[in-house]
Structure formats: C-alpha cells, structure tokens
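One structure is given here, and the rest of the page talks about it.
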Amino acid sequence: MKRFVGFVRKEFYHIFRDKRSLFILFGMPIAQILLFGFAITNEINNVNIAILDQANDVTSKEIINKIASSKHFSIVDIIQQESSIESIFKKGKVKAVVQFENNFGNNLIKEKQANVQVLTDATDPNMASTISNYISSILKKYQQELNKNSTIDYQIVPQSRMVYNAELKSVYMFVPGVMTVILMLVSAMMTSISITREKEQGTMEILLVSPLKPFQVIIGKVFPYIFLSIINALVIVLLSIFVFNVPVNGSLFLLGIESVLFIITSLALGILISTISATQQAAMMISLMGLMLPTILLSGFIFPISSMPLPLQVISNIIPAKWFIIIVKGIMLKGVSIGYIFKETAILVLMTLLFIGISVKKYKIRLE
C-alpha cells in the first residue's frame, strides 16, 4: 500500500512540474467553456444595418428610432438612393438595408397600410433570417402601439428580400467556411508538425547550418504543402460549383490568387508555431487550440462576430480565417472585385510578412 501511495505521489509531482500538462488539464477546459459560452449563440447583437428612408416623415423616423434603440442593430449608414444598396452590400459594411416606401406615413393613415422592405445579405442565411425576423418583430410591436388607442387598425407590411442567396441555401455559408478550415489545417498544422519532426530528429539543425540560408531551407520544407493546399482549394471550388451548385459570380482568377495568398499566410503561421514548439505533440496541441477552435468559433464561419463580446471581437481580428472568409464570400457570392476586398487582402499580406519575419529571426537566433 505504501508503494502504491508513493507511486501516486510521484505521479502528482510529475504532473505539477509539467506546466504543459497543467495547461492541458485546466487551461483547455476553461478556454473551451469561455469560447463556447460566449461565441455560440443564435442571437444577433449590434448588427450593422443601413436605412433608405424615401418617405422621410414622422412615422418612418419613429420606426427608425425604434430600430436604433434596439440592442440587436446598429445603424451605420443612411443611404439616399436605391442604386447605393448593391455597393454597400459588396463593401460588406452592413448585413441589411431597411427601405421605407415613398409617402410611408400618408399611406399608413389614408390607406391603412404601408410597406417596409428589408433587404438582407443572405451569404449567411441563418443571420439573414434572424435579422428579418427581428425587424419584423419591431415593426409588429410599433404597429400594436399605434393601434392601441385607435379604432381603425393600421397595418405595416414588411417585405423581406434575401440578397445573394434568395433560397437561403446553407451550403452557400458552409462552402467558404469549410474551404478556410481545410486550407488552414492542411497548411499550418501539417507544416508545423513536419518541421518540428525534423527538429526532434536533429536533421533540421544540420540543414540550417548548411550552405543554404535559413529562409531557403524553410521554403524548401513548406513548398510541397503549397502544392497540396492549392490542389485542395481547386477540388473544393470544383465540388462547390458542380456538386453543390454554389455560384462563382466574381473572377476565378482573383479567387485563385486570394486562395494562394491565404495558403501562404497559413504556411507562415505553421512555421511560426514550429519555432516555438520543441516536439510534434506540442505543435499539434498549439495548432488545435490556436487554429482549429478559433477558426471555427471566432472567424464568423458559423457564429456572427458582431454578437460576441467586445474582447472576442478584438481577438477575431488577428485570426487570418476571418478575413479569408470575407474574401471568399465576396468573390463567390457577391461578385466583388479587388477594390472591395483590398483591406482584407492587405491584412493577410501584413500577417504573412509578420509571421515569416518572426520565424526567420528566431531561427537565426538559434543558429547564433
């Protein structure tokens, strides 16, 4: 019995001395609970919308104030003409546009009925449906208040139209997300494990002291993964077009260039993980916790970022997958050109340069 107790005590000592084990035991569950608790929600909050008020009367302004006071929406733009709707959707500034018809107030009083059109960006069909339902609920509540002290029933009729995905096909949302997750995992995770394996076996250090420069060695190691990831991206796009009937309304060439850029960004991130990981196991754990969970939860793939707490919204900005999903949806579903996704492209380029710069610097320090 004493031997058993001594053995158990020894195991406790080993666990408490191993900070990595402690982190896995206690840090991972806490991180998962916080992420799932805050990020996984079917509600929407602070969604950016625009208003097209063609009536510009007292009644329409009252409804606009009702929408603005709701925690679910943030009015970020007041547009003046219908021709601006497509442009504002392509820029990705808003998820919905609420349009009031001409003579909205007069129609409501004289004809006892007035129309409001709700145009939503249905590249995310779940969010589009929720936005439409929330706005309809606000209009219905206003209508009830209007009829409370009136003998004549006034009726406000919301008319919803889903832009870019009229049939609300969920595959339109999942294809860009799945494409992002696969490219991220294949590029970053496999690269980090491959390089770490070389470090464990001691062959990486031999390569780094060879006549080849460090960046040449690293590029040579990751080049096969660039090729494999490009094939993956091509297969996903072909399947989405011919099997799932997802349209590619934009340029296939631009989509290919952006995909290669994201692959390079992911590879650079994988190299960075390999520089801070001593073993394949450590690289795998960092890749899973640092890439897979944030890519699924905090990239906007499944859950709207605007509904998350502010700290998680800030963290989402450093996740490359967030920007690539915006790019893919913009090109495939909205048909945008490079001018509409220039910011997202620039961010991916800066991330790539940052990851590569840190990695090369760390390898040089190791050699010295």
Side-chain angles (χ1 to χ4, degrees), residues 44 46-52 73-99 118-128 131 161-166 168-169 171-180 183-184 233 236-237 240-241 246-266 295 298-301 304-306 313 316-353:
I44 60 170
N46 301 314
V47 174
N48 292 338
I49 66 172
I51 301 293
L52 174 55
F73 303 108
S74 296
I75 299 176
V76 296
D77 204 351
I78 304 294
I79 57 180
Q80 306 299 325
Q81 50 191 2
E82 289 189 34
S83 58
S84 303
I85 293 176
E86 183 177 3
S87 175
I88 199 171
F89 272 134
K90 285 188 174 181
K91 290 177 181 177
K93 292 176 61 178
V94 300
K95 291 296 183 181
V97 175
V98 181
Q99 181 178 357
V118 182
L119 299 97
T120 54
D121 182 352
T123 55
D124 185 338
N126 294 332
M127 178 183 279
I131 290 172
R161 183 160 68 91
M162 307 299 176
V163 184
Y164 307 120
N165 185 6
L168 293 180
K169 293 182 178 179
V171 70
Y172 284 24
M173 178 183 72
F174 283 106
V175 164
V178 170
M179 181 177 178
T180 303
L183 292 182
M184 174 67 78
I236 293 170
V237 172
S240 66
I241 295 173
V246 178
V248 180
N249 295 318
S251 168
L252 278 172
F253 177 76
L254 179 59
L255 179 61
I257 294 297
E258 295 289 351
S259 298
V260 172
L261 172 60
F262 180 69
I263 289 169
I264 295 173
T265 304
S266 302
T295 298
L298 302 178
S299 64
F301 168 27
I305 294 175
S306 59
Q313 293 186 37
S316 71
N317 290 323
I318 63 174
I319 297 175
K322 169 188 174 180
W323 307 107
F324 184 65
I325 287 176
I326 294 173
I327 290 172
V328 174
K329 285 185 176 180
I331 296 174
M332 293 184 69
L333 304 180
K334 299 181 182 180
V336 301
S337 61
I338 184 65
Y340 289 98
I341 54 174
F342 179 79
K343 182 186 76 172
E344 289 79 9
T345 303
I347 290 173
L348 288 181
V349 171
L350 291 175
M351 285 184 174
T352 304
L353 295 176

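Values in this document were obtained by computation on a predicted structure and should not be read as measured data.
For the pair M351 and P320, the tightest heavy-atom approach, listed with the atom from each and the gap, is SD-CG, 3.7 Å. In terms of heavy atoms, S316 sits closest to I305 at OG-CG2, 3.7 Å.
N317 and K322 share a donor-acceptor pair across their side chains, judged by distance under 3.5 Å alone.
Side chains of K90 and Y164 form a contact here, defined as non-hydrogen atoms less than 4.5 Å apart. Residues L52 and L119 are not in side-chain contact: their nearest non-hydrogen atoms beyond the backbone lie 4.5 Å or more apart. Residues I338 and I257 are not in side-chain contact: their nearest non-hydrogen atoms beyond the backbone lie 4.5 Å or more apart. When side chains are defined from C-beta on, M162 does not count as touching P125, because their heavy atoms never get closer than 4.5 Å. When side chains are defined from C-beta on, M179 does not count as touching S240, because their heavy atoms never get closer than 4.5 Å.
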Quiz item: Are M127 and T120 close enough, and set up right, to give a side-chain contact (heavy atoms from CB on, under 4.5 Å), and what steps lead you there?
Solution: CA-CA 9 Å; M127 178 183 279; T120 54; over 6 Å; no

Quiz prompt | Candidate pair V94 and D121, rule side-chain contact (heavy atoms from CB on, under 4.5 Å), full reasoning | solution = CA-CA 8 Å; V94 300; D121 182 352; over 6 Å; no

Self-check item: Worked check of side-chain contact (heavy atoms from CB on, under 4.5 Å) between F73 and N46
Solution: CA-CA 5 Å; F73 303 108; N46 301 314; over 6 Å; no

Exercise. Dump the intermediate steps for side-chain contact (heavy atoms from CB on, under 4.5 Å) on V97 and F89, then the final yes or no.
Key: CA-CA 9 Å; V97 175; F89 272 134; 3.9 Å; yes

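With sequence neighbours excluded, the residues that form a ring pair (Phe, Tyr, Trp, His ring centres under 6.0 Å) with F301 are F174.
Considering I236, V248, V246 in turn, V248 is the only one that fulfils the side chain to side chain contact (heavy atoms under 4.5 Å, CB included) rule with I241.
Atom CD of Q313 has more than 12 heavy atoms from other residues, nucleotides or ligands within 6.0 Å.
The CG atom of L333 lies 10.5 Å from the CG atom of D124; values are rounded to the nearest 0.5 Å. Atom NZ of K334 sits about 8.5 Å away from atom CD1 of I326, to the nearest 0.5 Å. The CD1 atom of I49 sits 11.0 Å away from the CG atom of D77 when rounded to the nearest 0.5 Å. T180 OG1 to I325 CD1: the interatomic distance, rounded to the nearest 0.5 Å, is 4.0 Å. In this structure, the separation between CG on L353 and CD1 on I264 is 10.5 Å, given to the nearest 0.5 Å. Taking CG of L254 as the start and CE of M332 as the end, the distance is 12.5 Å to the nearest 0.5 Å.
Judged purely by atom type and a 3.5 angstrom limit, K329 has no side-chain atom pairing as donor or acceptor with the backbone of P176. A donor-acceptor pair under 3.5 Å is absent between the side-chain atoms of S74 and the main chain of V76, judged by distance alone.
Among pairs with a residue in residues 255-266, those fulfilling side-chain hydrogen bond (donor to acceptor under 3.5 Å, both in side chains) read E258-T345, T265-T352, at least two apart in sequence or across chains. Residue pairs meeting the ring-ring contact (aromatic ring centres under 6.0 Å, His included) criterion with at least one member in residues 318-338, sequence neighbours excluded: F262-F324.
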